[in-house]
Amino acid sequence: MDFATIIGFVGGIGVLSFLIHEGGGLERYYSEHAVIVIFGGSITATLIRFELGAFLSAFPTALKTVFRGSHGNPRDLIAEIAEMAAVVRKSGPVGLDKATPHDPFLAKGVRYVADGFDENFIRETLERERDLNLHRVEMAGKVFRGIGDCAPAFGMIGTLIGMVQMFAEMSDPSKLGVFMAIALLATLYGAVVGNFFFLPIADKLAIKFNHDELNQTLVIDGVLQLRAAKSPAVIKEMLLAYLPEKQREALAEAA
């Protein structure tokens, strides 16, 4: 699990709940007008931007991705691939039958090597799976960013509608406070929905995209080197390029 995401959501909900409670309770902050404007407007505008399939698949993809913890970091993956390279040098590809990598993508590549598939098949299959996975995450991020961008704008639209209603009722001062509250709640809903939920998830999806792209590309290169029966030292040296400079220096000093 990605505990940063969980802590952020729980903490944010706690802060909002406290502020609403201190401000007089939930009934003061509920407005059907604001709900319809923000959610109806943001969702319909986003549907215009994207295909229906991309929009519908964005939500399960996003929720599964943002709450998922990392399967591994590049440093651990390199060490694991080097260990399996030693097994291949000693027992051949069949020695990988008993290997149990922690990363599912690496496990699939190792299974291909153990089953004797040729290099082109392994490369094409793993690259296709990586690209499709990344495409789903990227599209989910675009959909969530689209909703996050629309929400504050529709909040302003809701505020303007509320102000029009307020000015239309200037002859009855008793109604001015109600319409002013409706106008301000639309802005509040738009800011909260966009900046607390959709935009943070879009940013987290972008981080997950970069993390998965790096790790899965590293795995593909490592698996192809396993297929070629390269030595653990050669594989490790080649894969060190995926690490930041400081981590490479630390590994060199440890060696």
Heavy-atom pair with the smallest gap, counting every atom of F117 and I122: O-CD1, 3.5 Å
Min side-chain heavy-atom separation I13-F196 under 4.5 Å: yes
In one Ile/Leu/Val/Met/Phe/Trp/Tyr side-chain cluster, 4.5 Å: L52, F50: yes
Gap between atom CD of Q216 and atom CG of N133 - 0.5 Å precision: 5.5 Å
Flag side-chain contact, heavy atom, 4.5 Å: L240 against E237: yes
D118/R227 salt bridge by N-O under 4.0 Å criterion: no
Non-hydrogen side-chain atoms of V35 and Y30 separated by less than 4.5 Å: yes
Heavy-atom closest pair, residues A107 and P101: CA-CG, 3.8 Å
Close side-chain approach of T187 to L184, heavy-atom, < 4.5 Å: no
Spacing of L205 atom CG and R136 atom CZ [to the nearest 0.5 Å]: 13.5 Å
Over all atoms of both residues, closest heavy-atom pair of I235 and K230: CD1-O, 3.6 Å
Closest heavy-atom pair and its distance - C150, A45: SG-CB, 3.8 Å
Student check: side-chain heavy atoms of Y112 and L126 closer than 4.5 Å: yes
Candidate pair R123 and N120, rule side-chain hydrogen bond (donor to acceptor under 3.5 Å, both in side chains), full reasoning: CA-CA 5 Å; R123 182 193 300 275; N120 289 334; 5.0 Å; no
4.5 Å side-chain heavy-atom contact, L19 and Y29: no
A54 versus S57, closest heavy-atom pair with distance: O-OG, 3.3 Å
Distance (rounded to the nearest 0.5 Å) between K204 NZ and I207 CD1: 6.5 Å
Min side-chain heavy-atom separation D212-F105 under 4.5 Å: no
Residue E22 excluded, over 12 heavy atoms near CD under 6.0 Å: yes
Ring geometry between F197 and F144 (parallel below 30°, tilted from 30 to 60°, perpendicular above 60°): tilted
Distance (rounded to the nearest 0.5 Å) between L214 CG and F209 CZ: 11.5 Å
Close side-chain approach of V223 to I81, heavy-atom, < 4.5 Å: no
Separation between CD1 of I43 and CZ of F154, rounded to the nearest 0.5 Å: 10.5 Å
Donor-acceptor pair between N73 and D76 side chains, under 3.5 angstrom: yes
Residue pair R130 / T217, side-chain donor-acceptor N/O under 3.5 Å: yes
Closest approach of L243 to R75 (non-hydrogen atoms, all atoms of both residues): CD2-N, 3.6 Å
